[in-house]
Each structure stands twice: as structure tokens, then as C-alpha cells.
Amino acid sequence: MLNGINDELKLKQKTSTIVLKIINDRYYLDVKVIVPDNYPAQAINLQDIDANFPPSFNHHMFSQAREIARQCVEPPLKRKPNAPPFKPAPSLKQSVAFLIDCVKRLPKESCGFCKQECFPTNPDLIISDENSPRHIERIYCGHLYHQQCMFMYLKAPPFGNKKCHSCSSRISHHKWTLSDRLAEERWAHEQARERELAEVEDFFK
């Protein structure tokens with residue numbers, strides 16, 4: 001998993017901690033992984049977190065890594081029929097593997113609509129303004145779109161069950177709250193307005 005020359009994984013046995021540093025070109029993630037005494041019955045904990053991804057991505061990566069660890073040691077609220085009795089599973093490998101995958105994959109991932117890489121080569125150039133057309137949005141399935149690209153795709157026909165260009169999962173995002181019917185009505189209204197303006201322009205030529 002750690003295949004970069006600058007990646008680091010240091011085990012400190014006296015304190016039962018692992019210091020992890022993941023590098024992908026100019027992007028990085030540093031975290032201290034605390035392994036409890038009663039591991040694997042108890043989940044690992046993440047501390048001293050530092051990364052230079054956008055804040056929303058940092059929040060997602062570390063909250064999801066913690067959630068993965070929790071699911072390893074806590075039974076699901078709804079047990080599936082005929083499922084075997086729940087047994088705690090080691091959480092270290094799964095959580096760390098998720099963080100490594102994020103750092104190695106995200107900086108090179110392209111927008112599902114325009115196919116350009118979402119993350120700039122220089123992390124200092126990341127757009128943090130959430131209203132910017134080039135702001136990077138992570139849709140529910142985990143793939144990336146520029147905000148403008150996502151809205152252009154969702155606002156255009158055909159309407160209903162729009163799917164991610166990368167995995168074909170239905171697109172879901174908290175910034176898009178229009179129903180398919182309302183989106184189609186707004187598109188039709190905009191088309192009618194553009195036709196009317198074009199007719200006026202032709203009239204005065």
C-alpha cells in the first residue's frame with residue numbers, strides 16, 4: 001500500500017502507536033494511530049491529524065476512517081437475517097488502507113463531466129470558496145466533479161436518475177435539492193427565454 005519513497009510508517013511499541021505519513025507528490029497526510037490495549041476488541045483511534053487536502057475532504061477522510069474502525073468492533077443496528085453472530089474484527093488495516101487509498105487516488109482523479117483533473121498540482125492553489133465554479137465536489141458515491149460541471153450536468157436533459165460518469169451510481173449531493181420535475185420545468189423556462197431573446201435580436205438586425 002505504501003509505495004512512495006517518502007511514505008513513512010513508524011511503530012512505537014512503548015506507547016502502542018503508529019505514526020503514519022502518506023505522500024503523493026505535493027499532497028500529504030500525517031496521523032498518529034493509537035492501538036488500544038484490548039485491540040482488536042476495541043477500535044483504533046486517530047490523533048494529531050494533519051493534511052493539506054481541502055477541509056471538506058480532510059473531514060471526510062478522517063471521519064470515514066473512524067467509522068470504518070467503529071464498524072469493525074460494533075455490531076450493526078439491524079442484523080441481517082441468517083447472519084452469523086457478530087465478532088469484532090481488526091480495525092487497523094482497514095482504516096489505514098482507506099486513508100492510503102484516498103491520498104494516492106484523489107490528487108489524480110478527474111472530474112466526471114469535463115475529464116480534467118480536479119486537484120491542482122500545487123495544493124496552495126486549491127479553491128476553498130464553496131461558491132466557486134471550480135470548487136471540488138465529492139458526490140455520494142465518492143467520485144469528483146467541479147461544482148459548475150456537476151450543476152451543468154444535472155440541469156440539462158434527460159432528467160431523472162442522473163448517473164455518475166465513473167461508476168453509474170445515481171448522483172446525490174447536498175447542494176442539489178431540486179426534484180427532477182422542477183429541474184425540467186426550469187430548463188424548459190430557460191429555453192423559452194433564450195428563444196425569445198434570439199427572436200428579438202433577429203428582429204433588430
Side-chain angles (χ1 to χ4, degrees), residues 1-2 9 11-12 15-22 24 27 29-107 109 112 118-119 130 135-145 147 150-151 153-154 159-183:
M1 293 186 292
L2 291 176
L9 192 155
L11 174 61
K12 298 183 178 181
T15 56
S16 297
T17 60
I18 295 173
V19 178
L20 180 65
K21 185 172 187 176
I22 314 167
N24 186 353
Y27 288 87
L29 181 151
D30 296 337
V31 63
K32 182 188 291 184
V33 183
I34 310 299
V35 183
D37 292 338
N38 59 340
Y39 181 84
Q42 184 177 343
I44 59 166
N45 188 22
L46 305 178
Q47 296 182 359
D48 298 342
I49 295 167
D50 184 30
N52 63 347
F53 287 81
S56 60
F57 283 82
N58 289 339
H59 175 76
H60 166 73
M61 287 190 293
F62 291 111
S63 62
Q64 186 63 26
R66 290 189 175 103
E67 176 61 14
I68 290 171
R70 184 197 67 78
Q71 290 180 4
C72 287
V73 300
E74 296 182 13
L77 295 177
K78 292 184 178 180
R79 185 167 172 261
K80 294 181 179 180
N82 302 320
F86 177 82
K87 292 183 179 180
S91 56
L92 176 61
K93 182 178 179 180
Q94 293 190 48
S95 295
V96 169
F98 171 78
L99 292 174
I100 293 173
D101 173 71
C102 288
V103 177
K104 299 299 183 181
R105 173 177 51 83
L106 288 175
E109 188 160 326
C118 287
F119 284 85
E130 291 200 6
H135 187 262
I136 307 169
E137 304 293 347
R138 176 187 170 275
I139 61 176
Y140 184 78
C141 62
H143 292 109
L144 308 184
Y145 283 75
Q147 179 168 250
M150 180 180 70
F151 287 154
Y153 176 47
L154 293 174
F159 296 95
N161 201 28
K162 281 289 181 71
K163 297 185 182 291
C164 171
H165 292 79
S166 301
C167 68
S168 296
S169 297
R170 181 166 184 173
I171 288 187
S172 177
H173 192 275
H174 69 278
K175 289 185 177 180
W176 180 258
T177 58
L178 293 182
S179 66
D180 294 332
R181 180 179 178 180
L182 184 55

Parallel under 30°, tilted from 30 to 60°, perpendicular over 60°: which one fits the rings of [X] and [Y]?
X      : Y      : answer
Tyr145 : His165 : tilted
Phe98  : His60  : perpendicular
Phe53  : Tyr27  : tilted

Is [Y] close to [X] at the side-chain level, that is, under 4.5 Å between some pair of heavy atoms?
X      : Y      : answer
Asn24  : Phe119 : no
Lys175 : Phe151 : yes
Lys104 : Ile22  : yes

For [X], side chain to side chain contact (heavy atoms under 4.5 Å, CB included) partners two or more places apart:
X     : answer
Pro90 : Tyr39, Pro40
Leu11 : Gln13, Ile18
Asn82 : none

Quick check against the 3.5 Å criterion: does [X] have a side-chain atom that pairs as donor or acceptor with the backbone of [Y]?
X      : Y      : answer
Arg138 : Phe57  : no
Gln147 : Glu130 : yes
Ser91  : Ile44  : yes
Ser95  : Ala65  : yes

Closest non-hydrogen atom pair between Lys163 and Tyr153, with its separation: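 For Lys163 and Tyr153, the tightest heavy-atom pair comes out as O-OH, 2.7 Å.
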First locate atom CE of Met61, then atom CD1 of Ile100, and finally report the distance between them rounded to the nearest 0.5 Å.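 Interatomic distance, Met61 CE to Ile100 CD1, rounded to 0.5 Å: 12.5 Å.
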Distance check, rounded to the nearest 0.5 Å: Asn52 atom CG versus Asn58 atom CG? 8.0 Å
